[in-house]
Amino acid sequence: MKSATKPQGYPPVSCKEVAFVGRSNVGKSSMINAILGRKLLAKTSGRPGKTQLINFFRVGVKDDAQEQKGELSFVDLPGYGYAKVNLQEKESWRRMIQAYLAGRPQLLGVLLLVDIRHKLDFKDELMQQMLQEQKIPYLVVATKSDKLGVSKVASICKKNFPFAVVPFSSKSKKGVSKVLEWINEL
């Protein structure tokens, strides 16, 4: 639909939004593509920091009979953490994310993406705390589960995360149905 850096550039939509947030290169854009069954809708890269704007995608919502029943927006936020950009650029992304999360009345909930192979770091914990303080519903999704053996996913989740997470793979589509169920419940 549109890309923006500031609230005045956000699209004036009346439908609710679900935002995707997480560290740089955790798989936010890949997750959007996997959920929507599209390969190149949200641009992806192996280089951290590819998403540098807030990207809005309009999504048609269908009922069980595949009848159109409304619209929703998916919002791809820039990553936080490691990216090969200067500190000033990282700081502008941080402010961009905070402004969006704090001031968007259409925001229905947030998918907080973490890499299943790594424990939460302080930036993930800060994001989780901010979402809790602002009373924004969120779901923690552990991406890149295809990089582990199937038998290891549950034990790694238990070891790396002190709370329930949804294991997810953009490649195998594992976790897509659970994420869609959560969005539908919202």
Side-chain angles (χ1 to χ4, degrees), residues 1 11 13-23 25-42 44 51 54-77 79 97 100-101 104-120 124-125 127-186:
M1 230 178 7
V13 295
S14 58
C15 62
K16 297 293 184 180
E17 297 175 349
V18 173
F20 294 70
V21 69
R23 295 181 58 77
N25 216 39
V26 76
K28 296 175 295 296
S29 300
S30 295
M31 182 181 214
I32 289 171
N33 290 335
I35 290 172
L36 297 177
R38 304 273 303 268
K39 290 190 178 194
L40 303 172
L41 181 66
T44 62
T51 303
I54 299 174
N55 297 306
F56 296 83
F57 300 92
R58 183 173 290 140
V59 179
V61 179
K62 297 180 179 181
D63 61 18
D64 292 336
Q66 296 302 305
E67 299 285 328
Q68 185 78 17
K69 73 173 195 178
E71 288 185 335
L72 183 67
S73 289
F74 281 178
V75 183
D76 190 3
L77 297 169
I97 294 167
Y100 172 81
L101 293 174
R104 191 68 169 162
Q106 294 92 332
L107 182 60
L108 191 59
V110 172
L111 292 162
L112 173 56
L113 281 62
V114 295
D115 188 323
I116 197 168
R117 301 167 298 173
H118 307 290
K119 293 183 179 193
L120 295 182
D124 294 316
E125 291 170 349
M127 178 58 68
Q128 191 175 25
Q129 182 181 356
M130 182 171 62
L131 294 169
Q132 290 169 348
E133 287 171 358
Q134 293 184 27
K135 296 183 174 41
I136 298 171
Y138 69 94
L139 177 67
V140 180
V141 181
T143 62
K144 305 186 182 196
S145 67
D146 55 282
K147 305 231 183 238
L148 302 174
V150 176
S151 62
K152 290 185 177 182
V153 171
S155 64
I156 294 292
C157 282
K158 188 179 261 189
K159 176 183 159 196
N160 286 349
F161 310 110
F163 44 79
V165 299
V166 174
F168 188 89
S169 167
S170 296
K171 290 183 179 176
S172 71
K173 310 296 187 274
K174 177 182 180 167
V176 168
S177 61
K178 288 189 180 191
V179 169
L180 288 173
E181 283 174 30
W182 182 79
I183 292 170
N184 195 42
E185 286 175 17
L186 289 176

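Positions are given from 1 along the sequence.
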Problem set entry | D146: salt bridge (Lys or Arg N to Asp or Glu O under 4.0 Å) partners, not counting sequence neighbours | none
For this session: Specify the closest pair of heavy atoms between L72 and K16, including all atoms of both residues, with the distance to one decimal.
Result: CD1-O, 3.2 Å
Exercise. Quick one: are L111 and V18 in side-chain contact, heavy atoms under 4.5 Å?
Worked result: yes
Problem set entry | Spacing of F56 atom CZ and Q106 atom CD [to the nearest 0.5 Å] | 8.5 Å
Sequence neighbours excluded and cut-off under 3.5 Å, please list the side-chain donor-acceptor pairs for residues 154-161, or say none.
residue: S155; atom: OG; partner: K152; partner atom: O; Å: 3.1
residue: N160; atom: ND2; partner: I116; partner atom: O; Å: 2.9

For this session: List the steps and the verdict of side-chain contact (heavy atoms from CB on, under 4.5 Å) for V140 and F163.
Result: CA-CA 9 Å; V140 180; F163 44 79; 3.7 Å; yes
Exercise. How far apart are the C-alpha atoms of L113 and V21, what are their side-chain angles, what is the distance that settles it, and do they pass the side-chain contact (heavy atoms from CB on, under 4.5 Å) test?
Worked result: CA-CA 6 Å; L113 281 62; V21 69; over 6 Å; no
Exercise. Counting distance only, does the side-chain N/O of K28 pair as donor-acceptor with the main-chain N or O of R23 below 3.5 Å?
Worked result: yes
Seminar exercise, completed: The reported gap from CD in E17 to CZ in R58 (rounded to nearest 0.5 angstrom) is 10.5 Å
Seminar exercise, completed: When every non-hydrogen atom of R104 is compared with those of P11, the smallest separation belongs to NH2-O, 2.9 Å
Problem set entry | Atom pair CG/OG of D76 and S30 - distance to nearest 0.5 Å | 9.5 Å
Exercise. Taking the side chain as C-beta and beyond, is there a heavy-atom pair between L131 and M127 under 4.5 Å?
Worked result: yes
For this session: Decide yes or no on side-chain contact (heavy atoms from CB on, under 4.5 Å) for I54 and V75, but give the supporting numbers first.
Result: CA-CA 7 Å; I54 299 174; V75 183; 3.4 Å; yes
Exercise. Does T143 use its side chain to pair, donor to acceptor, with the backbone of F168 at less than 3.5 Å?
Worked result: no
For this session: Give, for atom CG of N25 and atom CG of D115, the distance between the pair rounded to the nearest 0.5 Å.
Result: 9.0 Å
Problem set entry | Distance-only donor-acceptor check, side chains Q129 and E133, under 3.5 Å | yes
Problem set entry | L36 side chain near F74 side chain, heavy-atom distance below 4.5 Å | yes
Exercise. Should V166 and L139 count as side-chain neighbours, where that means a heavy-atom distance under 4.5 Å?
Worked result: yes
For this session: Flag the pair L148 / R117 as yes when at least one side-chain heavy-atom distance between them is below 4.5 Å, and no otherwise.
Result: yes
Seminar exercise, completed: Correct closest heavy-atom pair for V114 and V26 would be C-CG2, 3.5 Å
Acceptor/donor pairs from residues 171-186 side chains to any protein atom, 3.5 angstrom cut, sequence neighbours excluded:
residue: S172; atom: OG; partner: S169; partner atom: OG; Å: 3.2
residue: S172; atom: OG; partner: K174; partner atom: N; Å: 3.3
residue: K173; atom: NZ; partner: S170; partner atom: O; Å: 3.2

Exercise. Which heavy atom in I136 sits nearest to a heavy atom in G109, and how many Å separate them?
Worked result: CG2-CA, 4.4 Å
